[in-house]
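To keep things clear, I will list the structure first and then write my remarks on it.
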2 protein chains.
Amino acid sequence: MNTAINESFGLIGNSQLFSDIAPSDWDEVADILEADIKSFGRGEYIAYSGDRLRYIGIVLSGRIHIMKDDFYGNSVILTDLNRGDAFGETFACGGFELTVNIRAEEDTEVLRIKPEGILKGSAGAKNKNLEKDCGSYHRQELVLTLLRNLVKLFSSKNFFITGRIEHLSKKKTEDKLLSYLTDVERRGKKDKNGVFEINFNRQELADYLAVDRSALSSVMGRLRKRGVLEFKKNKFRIIKRTDSLKEI
Amino acid sequence: MNTAINESFGLIGNSQLFSDIAPSDWDEVADILEADIKSFGRGEYIAYSGDRLRYIGIVLSGRIHIMKDDFYGNSVILTDLNRGDAFGETFACGGFELTVNIRAEEDTEVLRIKPEGILKGSAGAKNKNLEKDCGSYHRQELVLTLLRNLVKLFSSKNFFITGRIEHLSKKKTEDKLLSYLTDVERRGKKDKNGVFEINFNRQELADYLAVDRSALSSVMGRLRKRGVLEFKKNKFRIIKRTDSLKEI
DNA sequence: TAAAGTATGTTGCAGTTGCAACGTTTGAAA
DNA sequence: TTTCAAACGTTGCAACTGCAACATACTTTA
């Protein structure tokens, strides 16, 4: 039994990928998925565009950005990942070359699992190592559960990305920003005053919304003046307006 | 045996979702997935934002747009679907309410399949209808294959969407357009002269890239003048430039 | 073929954004 | 505390976009 990996399952055991799996099965699951743990330093690239990624990563601690950088040095943040979030599943399961860069924004620990064992084969009698690969009924059940969890993970991811497209497809910076903030406000936890936090600093926020940082700043200033938005650093509050009522 | 559904499997049998499944198994698969076929007229809405979609759709014929419409009547085309393409998997498998509208752009036939049968349970002995649900070893194998195919479908979809984000995240219309066209050129089939076709008219293309139609038109005109792009209606040719060499 | 409808291109203008440069605040290190 | 660097805000300008209105093709239908 691998203590470190078992610990990590404990950390993110409530993650989508391992739901409905009993702690007593963690060892076997770790075996099926060839799980291991790797650490990355702040600013270190976990993988580059063009690489073949053979594992799905799960953030145990720290923070990761999936980003796309072009010739000119412009970079766009595609996803911001924090503890419990998974990444790379698209490439690991689809066999595509990476089209993005993956970078640790802080010192980061990643649980790496290979989906190959549950995606490939077990074509019954054809397999020599029948006992291990085709395995017991129990193992079969585990594979089924993992596959189902993987499908749910993909669904959530896709759902999230669809929201991302929605923000990006607004034409004006102001709309992009409000679309994003409203989304974070709805999903995340806010205090009793309606104040919530985002994970980005200004430059990152601009890269996420694909706009210029200074332009974003001035748009934010305008929104503050108009009384639509309050913010200080990365804490925000959206002021709900009831214009239509006020006008009556 | 349902002839229509079997025929449809023949039509899109090479689709990702049904790969590695023998024609002799189609009937059983159709049963597992509760497959049926439904037709929609041109312009008809297949589902609205807010609906619960319980099936995955596969386009047998015709054409479908997944779109997001806001208050002001602005609409953004998220995806353009043609024969063989699947849709709705995110919502059907994730249990989310639809956040998009789905509309038939032409007379369209859709194969509908419910993923519930392969996502839910079969918790062995707990199930009363053991013979049917837990089923034979063969049925178990089919479920496994379908799940794996579903994962691959999600991977491809995600990969595709990532590209979509890349286009949208360009700041200028010109870059959005070229990013999109280059992508289509690479994926799709072009003739010996490098001419390829897109599925959109101008308004649709503008809605896809989230820009104004007339602004798009004028940008296209400029690109033509500059000799970067040739086009007529929905046929395009990108002229590869070797500026750096010419300047020497 | 005529007529109506649809798709595409063009133009002018007001408003927004990208970009570069500079000023201010903040927080960590010396 | 002082110093320094990074983050954030501001400003000015050139360029781009959204938008509305109109002009020109191309299709479809009667």
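Naming convention: chains lettered A, B, ... in sequence-line order (proteins, then strands); numbering from 1 in each chain.
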Does the side chain of Asp69(B) pick up a donor-acceptor pair with the side chain of Asn74(B) at under 3.5 Å? no
With respect to the side chain of [X], which nucleotide from [options] is positioned closest?
X         : options                   : answer
Lys171(A) : dA7(D), dT8(C), dG18(D)   : dG18(D)
Asp212(B) : dG18(C), dG18(D), dG9(C)  : dG18(D)
Val211(A) : dG18(C), dT10(C), dG18(D) : dG18(C)
Ser217(A) : dC19(C), dC8(D), dT10(C)  : dC8(D)

Mind calculating the distance between [atom1] ([X]) and [atom2] ([N]) to the nearest angstrom?
X         : N       : atom1 : atom2 : result
Phe231(B) : dT8(C)  : CZ    : C1'   : 10 Å
Gln203(A) : dC19(C) : CD    : C1'   : 12 Å
Leu229(A) : dC8(D)  : CG    : C1'   : 15 Å
Lys170(B) : dT17(C) : NZ    : C1'   : 17 Å
Leu216(A) : dT17(C) : CG    : P     : 10 Å
Lys172(B) : dG18(D) : NZ    : C1'   : 17 Å
Leu177(B) : dC16(D) : CG    : P     : 15 Å
Glu204(A) : dA6(D)  : CD    : C1'   : 13 Å

Between the side-chain atoms of [X] and the base atoms of [N], is any donor-acceptor pair under 3.5 Å?
X         : N       : result
Arg224(A) : dG9(D)  : no
Ser214(A) : dC19(C) : yes
Arg213(A) : dG18(C) : no

To the nearest 0.5 angstrom, please state how far the CZ atom of Arg63(B) sits from the OG1 atom of Thr108(B). 9.5 Å
Find which nucleotide of DNA chain C each of Lys232(A) and Ser218(A) is nearest to by heavy atoms, and output the residue with the more 5' nucleotide. Ser218(A)
Is it true that atom CZ of Arg187(B) has more than 12 heavy atoms of other residues, nucleotides or ligands lying nearer than 6.0 Å? yes
When you measure from the side-chain N and O atoms of Thr173(B) to the phosphate of dT17(D), is any distance below 4.0 Å, counting only OP1 and OP2? yes
Phe231(A) ring centre to Arg224(A) NZ or CZ under 6.0 Å, with the angle to the axis within 45°? yes
Candidates Lys235(A), Lys189(A), Lys233(A) - the one meeting side-chain hydrogen bond (donor to acceptor under 3.5 Å, both in side chains) with Glu197(A): Lys235(A)
